[in-house]
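Proteins come first, then strands; the chains are lettered A, B, ... in the order of their sequence lines, and each starts at number 1.
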Number of protein chains: 2
Amino acid sequence: MEPVTDTQISAAGPDPDSAAAGGACDDGLGLREQKKRQTRIAMHRAALELVAEHGFVHVTVEMIARRAGVSTRTFFNHWSTKDAAVLGIIMGESFEISESLRIQLEVSSPREAMRTVLREALTAIPSDSDLRELKKQVMAKEPRLHSISSGKLIEVQTEMVEVLAEHLEGEQAGTLAVIAVQVGFALTRSAFALSMSEGIDLITAFDEVVDLYDSGLIEA
Amino acid sequence: MEPVTDTQISAAGPDPDSAAAGGACDDGLGLREQKKRQTRIAMHRAALELVAEHGFVHVTVEMIARRAGVSTRTFFNHWSTKDAAVLGIIMGESFEISESLRIQLEVSSPREAMRTVLREALTAIPSDSDLRELKKQVMAKEPRLHSISSGKLIEVQTEMVEVLAEHLEGEQAGTLAVIAVQVGFALTRSAFALSMSEGIDLITAFDEVVDLYDSGLIEA
DNA sequence: TGCAATAGTGCAGTCAATGCAACAGTTGGC
DNA sequence: GCCAACTGTTGCATTGACTGCACTATTGCA
C-alpha cells in the first residue's frame, strides 16, 4: 500500500454494509480497492464512535485499530494522523493540487482559481445518515477538531503559496500570496466544520461558506 | 513555575548577554523573573539555531534543551510544544482573550473587536538583529512553520467562536462566527509569517497584513 | 496455476509530551 | 541574619503517536 499519500480532501465513502446489502455498488473498482475502502471506512467509523464515546484525548490509535479489526500499523498506512482518521481526511499528492492551481491561474483570476482548486479538492461525502449523526456529535463535543492542520495539508498550503506568489509578481507578491492562501484555507476549514456540524456534504458547505463570506456579513 | 499557560502571543525579549553588558536593563523585574526570561530566550535561540543548522525534523527537544543548558523537563515548563519554542510563541490564559473579545464587542463592530483583540494579543518583539536573521533563515527553509496551530491556539480560537456566536444572534450566527474567527486567525498567521520572513515586529506585520487585506488586492 | 503487485502485520525504535516527587535558589517577613 | 512560603529546575517513569523494515497474505492477471 502506498504509505499514505495525503492531500486530496475527501471523506469516507458509503457504508460497506449497505453496499453489501444492495450488492450493486461495485463502483467499477476491483475487489482489492473495495476492501481497501472498507477497512478505511471501518477505521473512520470506529474513530468517530470512540471519540463520541470517550472524547478525543482518551481515544488511542490502538483502540481505533482494534475496533476496526486491523493492526495499528495498518492504521497508519491509511491515515497520516489520528486527527485525519476522525475527520475522514484523505489526501492525494500535493503537487497535483498545486499543478491544478497553476493551470487555473492561466484562465481565471486568482480568487476564482483558488476557489476552484479548493472546491475541487473537496470530494463529495456520500456519508450515511448515521455517520453524519456521529460527526455532528463529535464536532459539538470536540471543538479541537475545527482547526485541521493534518500534516500534509500544510504541504499543500506551502506549495500553493509558491505557485501563487510566482504568478502574482510585484513587490508584495509573497505577502499577498500568503494571505490569499491562508484565507482560502480558512474558508475551507470553515466549510469542513460546517459540513460536520450540520451534517451536510462538503461541497455544499463550501459553497455556503463562500457565499456568506462574499456577502460581507462576516466582518472579518 | 506555572505549567505553561499559553495564549498571549509574544516573543522572546532582548538578548540576555546584551542586557548583562548594559547592566541597566532590570525592567523592574525580580531576579527570579529575569532568570526565567533568560532561560526562555536561551531555549528560543537554541531552537532557532539548531533548526537553521539541521532542519526542523532533525532537531529534537533534547538537543534544544542541551544547547540551552536546561533539562528537557524544563523545556516543557516553558513551551507547550516544540513548534512554540522555535516560533517564540508564548500564550497566557485563553479566557483572558475571549473575555477581552466580549468586552470589545460591547463597544465596537465585530470586525473591529476581532482585530483589536488579536492585535493586542500580539506583544511586540524586541528581538535582536541576529535573532531576526536567524528567523528569516529558518522561515525560508521551513515553510512548515508558516501554519501555526500550537496547541492552546486552538483553544483560544474555540472560545472566540463561542463568544462571537453568542453575540451575533440569528440563524447563521454559528457559521458566521466560525468564518470570522478562521479568517481572523488566517490574518494573524499571515502576520506571523511576514514578521519572521521580513524580520519586522509582529504588530507592524499585523497592521500591514490587515491593510493589504482591506485593500482588496488579495483576491481571496 | 504461477508470478507480480500490493494490502496487512509484527516488531523494534524514536521522540514529543505529561505527571510526580524531590530539590534548590529567591523572596519577604521577622 | 533566619526561617518559611514560593516557585523554577530536575530526574524518573510513562504514555502514546508515528516510522522503518522485513515478512506474510491476498489479489489481479497472464
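- For D/dT10, the OP1/OP2 oxygens have a side-chain nitrogen or oxygen of B/Ser71 closer than 4.0 Å.
- Nucleotide C/dA16 holds its P atom 18 Å from the CG atom of A/Asp83, rounded to whole Å.
- Shortest non-hydrogen contact noted between B/His44 and B/Leu87 is CE1-C, 3.7 Å.
- Looking at B/Thr74 and B/Asn77, their side chains never bring a donor and an acceptor atom within 3.5 Å of each other.
- With sequence neighbours excluded, the residues forming a side chain to side chain donor-acceptor pair (under 3.5 Å) with B/Glu53 are B/Arg67, listed by chain and number.
- Cation-pi geometry between A/Lys82 and A/Phe56 is met: under 6.0 angstrom from the ring centre, within 45 degrees of the axis.
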Intermediate values then yes/no, side-chain hydrogen bond (donor to acceptor under 3.5 Å, both in side chains), B/Thr204 and B/Asp207: CA-CA 5 Å; B/Thr204 309; B/Asp207 291 340; over 6 Å; no

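- Side-chain proximity of B/Asn77 to the nucleotides C/dT9, C/dG8, D/dT9 is greatest for D/dT9.
- With rounding to whole Å, A/Arg66 atom CZ is found 13 Å from C/dG10 atom P.
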Nucleotide N/O to protein N/O under 3.5 Å, stretch nucleotides 22-26 of chain D:
{"residue": "D/dT26", "atom": "O2", "partner": "A/Arg32", "partner atom": "NH2", "Å": "3.4"}

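- Summarising the geometry, the separation between CZ on A/Phe76 and P on C/dG10 is reported as 15 Å, rounded to the nearest angstrom.
- Between the CZ atom of A/Arg37 and the P atom of C/dT6 there is a distance of 18 Å, rounded to whole Å.
- Contacts with DNA chain D (heavy atom under 4.0 Å) in residues 47-55 of chain B: none are found.
- Among C/dG19, D/dT19, D/dA17, the nucleotide with an atom closest to any side-chain atom of A/Arg73 is D/dT19.
- Closest non-hydrogen pair, B/Ala85 versus B/Phe75, comes out as CB-CZ, 3.4 Å.
- Atom CZ in A/Phe56 sits about 12 Å away from atom C1' in D/dG16, given to the nearest Å.
- Put simply, B/Thr81 has no side-chain N or O that comes within less than 4.0 Å of OP1 or OP2 on C/dA16.
- In this view, A/Glu62 and A/Arg66 satisfy the side chain to side chain donor-acceptor pair (under 3.5 Å) rule, not counting sequence neighbours.
- When all heavy atoms of B/Ala165 and B/Gly174 are compared, the closest pair comes out as CB-CA, 4.3 Å.
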Residue pair B/Arg102, B/Glu166: steps toward the salt bridge (charged side-chain N to carboxylate O under 4.0 Å, His left out) verdict: CA-CA 10 Å; B/Arg102 200 187 305 273; B/Glu166 191 182 313; 3.5 Å; yes

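- Listed in residue order, the members of residues 57-64 of chain A having a heavy atom less than 4.0 Å from DNA chain C come to none.
- Rounded to whole angstrom, the span from the NZ atom of A/Lys82 across to the C1' atom of C/dA16 amounts to 14 Å.
- With sequence neighbours excluded, no residue satisfies side chain to side chain donor-acceptor pair (under 3.5 Å) with A/Glu162.
- The nearest pair of heavy atoms linking B/Leu48 to B/Val86 is CD2-O, 3.5 Å.
- Distance CG/B/Leu118 to CZ/B/Phe185: 5.5 Å, rounded to 0.5 Å.
- Atom-to-atom, CD of B/Gln34 to P of D/dT7 comes out at 18 Å; the value is rounded to the nearest Å.
- One finds a side-chain N or O of B/His78 lying less than 4.0 angstrom from the OP1 or OP2 phosphate oxygen of D/dT9.
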